[in-house]
K.L.:
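One structure follows; several queries about it will come next.
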Amino acid sequence: MSHLVLIDGNSIANRAFYALPLLSTSAGLHTNAVLGFTTMLLKVLEEMNPTHVLVAFDAGKVVFRHSEFAEYKGGRSKTPSELSEQFPLIRDLLDAFSIRRFELEGYEADDIIGTLTLHADQNNWKTTVITGDKDMLQLVSDHVSVALTRKGVSEIELYTPKEIEEKYGLKPLQIIDLKGLMGDTSDNIPGVPGVGEKTALKLLHEYGSVESVLENIDKVSGKKLQENLRENVDKAKLSKALATIMRDAPVEVTVEETAYEGYTPEPVTDFFKKMEFKSLLSKVKGAGTDDEKKGKGAPFDFAVVESEHTARFADKLTSPMAVSVEMDGENYHHAPILGFGLAADGVSLYVPWDVAKEWTAFQQWLADDQQEKWVFDGKRDTVSLAWHELTMAGIRFDSYLATYLLNAAESSPQVADIASHYADVQVLPDEEVYGKGAKRLVPEMGVLSEHVARKATALWQSVPRIRDAMAESKLEELLSDLEEPLSLVLATMEKQGVKVNEHRLQQMGEELDTQLEKLTETIYELAGTSFNINSPKQLGEILFDKLDLPVLKKTKTGPSTSADVLEKLAPYHPIIEAILHFRQLGKLRSTYIEGLTKEIHPGTGKVHTIFNQATTATGRLSSTDPNLQNIPIRLEEGRKIREAFIPSEEGWYILAADYSQIELRVLAHISGDANLIDAFQKGMDIHTRTAMDVFDVAETEVTSLMRRQAKAVNFGIVYGISDYGLSQNLNITRKEAGEFIERYFAVFSGVKQYMEDIVKQAKQDGFVTTLLNRRRYLPDIKSSNFNLRSFAERTAMNTPIQGTAADIIKLAMIRMQGSLREQGLESRMLLQVHDELIFEVPEKELEIMQQLVPDVMENALKLNVPLKVDVNYGRSWYEAK
DNA sequence: AGCGTCACG
DNA sequence: ACGTACGTGACGCTC
């Protein structure tokens, strides 16, 4: 079947330009829009498999609409030269791909696309329009879908008539009426003053079209609205005309002539080289002779070590060497080890697990710290081997952690990913070798051994290139002095595990069962029927249809039943309270009783979490299987879960040490705000101090409400404040929230200055950094989309704070582990929960640990405000409070 | 697999 | 007028 893809060239180029930082080639040629365009194009070609493709561009200065409305597009700022110089390059790109492009003097890309979709529609062709312009939604029909780019150009959102109905409650053609009423500043379509999307949608749902609205002005509710409509009848009609995309432009290209039969690799490769798109080169299908040699089809030389012949390979074990430990499964606390890949210059080996188990020379080499090893996720290897009483030492470069530091946004990279970036040898993603989901299967020996050997070889080839990239961004120290040592500390903690009192959990579970049964009965009675309380859909029907409670907030799929909404509904009906309680207890049962019990290791009676060191965008850790960073504490009923976390040795204690207000202290340091620094130097309660300053009262006059509000403002500041967010949190109006913020910034002017500067900095560099130079890229910081841009701006404010706090506790963990060893202490570090460390401690070390832990944590990094740590201990995690 | 919800910092 | 608080992971339901 034919599938025509029509691309709005100008729109995509624009969005790509503003979404990506201003990249340039070594010759100074700007390429960010070209890169964004290319990424989008590759994605479309791969995912949509089009048979026909055409890219339309605007052409000529005088568009036909000018005569109708002189100001049309008048408000549009001139295209910056950095962008306009990229259009010829985009044309080259399309030529390299043998993709048809088209422009028509005096017409816009919209009109060309509008006309061609009509042609295609008449031929019953499946057609997809790629654009960033919502106006184009008017072209949607049974055969025509519109894909809107999101997050710059990296993601797309497909609209068929169904999605438009769901999102706007409109038919595609009514999009024109929508624009006619609300206007569009970017296109300088005036619309009706005072009418935004909300009002426009309301009017259209009622009257259907601009014309019909204008005929019924008298019936429209709202005096001011009526007046605006009456005074702007012409403007509304003109706006609608302006928003209408032409379907009969004199386009001489026929849809048949846009046939696309794939591209030849050479011109594409040449173009990418010219643009210096190194990472894209590997994505060129069937590319050049180089890759063919290295690629799948090419022979790959490696040897499998057999048990009778290990002696032959002894001299192959060199330093440095790349090591890859292959295991069957994600969770390395349980996954069987399949074998090892080893690689160095001219060496590529696979050592099956059975052979490795018997090969003592190999095991000694593995445990020798003097034998330098390059790895991908050394923690995984270390822990997995530890479960088999094997040691790996001498890890000097961890490419998993390195690529995380280079770009934290790339989610869970595999060796295959770094191979495509940095190596010559080709590596298949694990999923392609093993299959996924239920179809997962360890492949036959021949396939497995080659895959693992390739991985090791890819690592070997990548390391020098990754090192160069690290040096370029000045990230070597962060890797070698922080993340790599930390990974070994984490490995010890994970392997150590935390003892769980399974019996206690079971008891709690039984109590919960009883309570939940009672609550279920109560809820059914109050509802007058039984239903699945855990189904937001069914619950919504009961609350909002049957009981007729007001809908305060909606989600994509229906009315929201989230806790904040239910709390507001509580006065209306007694069922609400029961539901909230049911939810709370249900969560405890499913996640913390049942979920946690499943994770108890049968051999140790402990839970062994996995700390992911390369997941978060800010530099924090995360914890999975089980997640031990979200064990309940805020509500007493949930907090009891912590009673089940106990020391693993008779007579020991659990000791918890947490940083007090670390993020606000970090903010004081990096903003240099004199007032905030003063507050911390005087050791004041920071929320009380904020309340004093913001409300201008003495310490004794601060009420609990004032303190609570000040606390919320402080949280907001750390998150990158907005009046809306604060108003939601405090349940106050936006105006009031805005006033709080204004008063805050008046007193803490250094904080205000920091917020402004960091956003400016982010716009200039395209990234922000923490105190230890951890980096986060913010591709949306220059986006023309208000939402994306605002989000990126808040991220720019928050990440240096959250990320620096993460840096500090990571430093503290490394020092802590060192101190425990140096001082010959038996105490063990077990967990990290973002701003706190949990230990198990023998009684005889309680005293020293209460000194040592805060000392190490408070002095992990010198700031211009003191860091403060509180310590508590008890017979369980619950009692360490 | 995606969504809504909710647990934590 | 725009529409949000920052960062995570696990669960049950729905398709």
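Just so it is clear, the structure is predicted and the values come from calculations on it, not from any experiment. Each chain gets a letter, A, B and so on, in the order the sequences are listed, and its residues count up from 1.
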K.L.:
Without hydrogens or angle criteria, can the side chains of A/Lys379 and A/Tyr400 be said to hold a donor-acceptor pair below 3.5 Å?
P.N.:
no
K.L.:
Between A/Ser790 and C/dT4, does any side-chain N or O lie under 4.0 Å from OP1 or OP2?
P.N.:
no
K.L.:
For C/dC13 and A/Asn532 - does any side-chain N or O of the residue sit under 4.0 Å from the phosphate oxygens OP1/OP2?
P.N.:
yes
K.L.:
Would you call the rings of A/His333 and A/His608 parallel, tilted or perpendicular, taking 30° and 60° as the class edges?
P.N.:
tilted
K.L.:
Around atom CD of A/Glu637, are there more than 12 heavy atoms of other residues, nucleotides or ligands at under 6.0 Å?
P.N.:
yes
K.L.:
Rounded to the nearest angstrom, tell me the gap between atom CG in A/Leu726 and atom P in C/dT4.
P.N.:
17 Å
K.L.:
Below 4.0 angstrom from OP1 or OP2 of C/dC6, is there any side-chain N or O of A/Arg794?
P.N.:
yes
K.L.:
Counting only side-chain N and O atoms of A/Thr799, is one of them less than 4.0 Å from OP1 or OP2 of C/dC6?
P.N.:
no
K.L.:
For the P atoms, the ones on B/dC6 and on C/dG3, what distance do you get once it is rounded to whole angstrom?
P.N.:
25 Å
K.L.:
To the nearest angstrom, how far is A/Leu512 atom CG from B/dA7 atom C1'?
P.N.:
15 Å
K.L.:
Does A/Thr615 have a side-chain nitrogen or oxygen under 4.0 Å from the phosphate oxygens OP1 or OP2 of C/dT8?
P.N.:
no
K.L.:
Could you tell me whether the side chain of A/Ser722 has a donor or acceptor atom within less than 3.5 Å of a complementary atom in the base of C/dT4?
P.N.:
yes
K.L.:
Answer with yes or no whether A/Arg734 presents, from its side chain, a donor or acceptor under 3.5 Å of a partner atom in the base of C/dG3.
P.N.:
yes
K.L.:
Between C/dG12 atom C1' and A/Lys598 atom NZ, what is the distance in whole Å?
P.N.:
11 Å
K.L.:
With distance as the sole criterion, do the side chain of A/Lys587 and the base of B/dC6 form a donor-acceptor contact below 3.5 Å?
P.N.:
yes
K.L.:
Please tell me if A/Arg634 has a side-chain N or O lying less than 4.0 Å from either OP1 or OP2 of B/dG9.
P.N.:
yes
K.L.:
Please report, rounded to the nearest Å, how far the C1' atom of B/dA7 is from the CD atom of A/Glu599.
P.N.:
16 Å
K.L.:
Using atom C1' in both nucleotides, what's the gap between B/dA7 and C/dC2 to the nearest angstrom?
P.N.:
32 Å
K.L.:
Which nucleotide in the set C/dT8, C/dA10, B/dC8 lies at the smallest distance from any side-chain heavy atom of A/Ala617?
P.N.:
C/dT8
K.L.:
Does the pair A/Ser783 and A/Asn785 meet the rule for a side chain to side chain donor-acceptor pair (under 3.5 Å), with working shown?
P.N.:
CA-CA 5 Å; A/Ser783 167; A/Asn785 178 319; 5.2 Å; no
K.L.:
In plain terms, say whether A/Glu636 and A/Lys640 are close enough for a salt bridge, that is, a side-chain N and a carboxylate O under 4.0 Å apart.
P.N.:
yes
K.L.:
Counting only side-chain nitrogens and oxygens, does A/Gln538 get under 4.0 Å of the OP1 or OP2 atom of C/dT14?
P.N.:
yes
K.L.:
Would you say the base of C/dT8 and the side-chain of A/Arg620 have a donor-acceptor pair closer than 3.5 Å?
P.N.:
no
K.L.:
When you measure only distances, ignoring hydrogens and angles, does the side chain of A/Gln802 come within 3.5 Å of the base of C/dC6 through a donor and an acceptor?
P.N.:
yes
K.L.:
Would you say a side-chain N or O of A/Thr557 is under 4.0 Å from OP1 or OP2 of B/dG4?
P.N.:
yes
K.L.:
Sort out the partner of C/dC2 for me: Watson-Crick or G-U wobble, both distances under 3.5 Å, none otherwise.
P.N.:
none
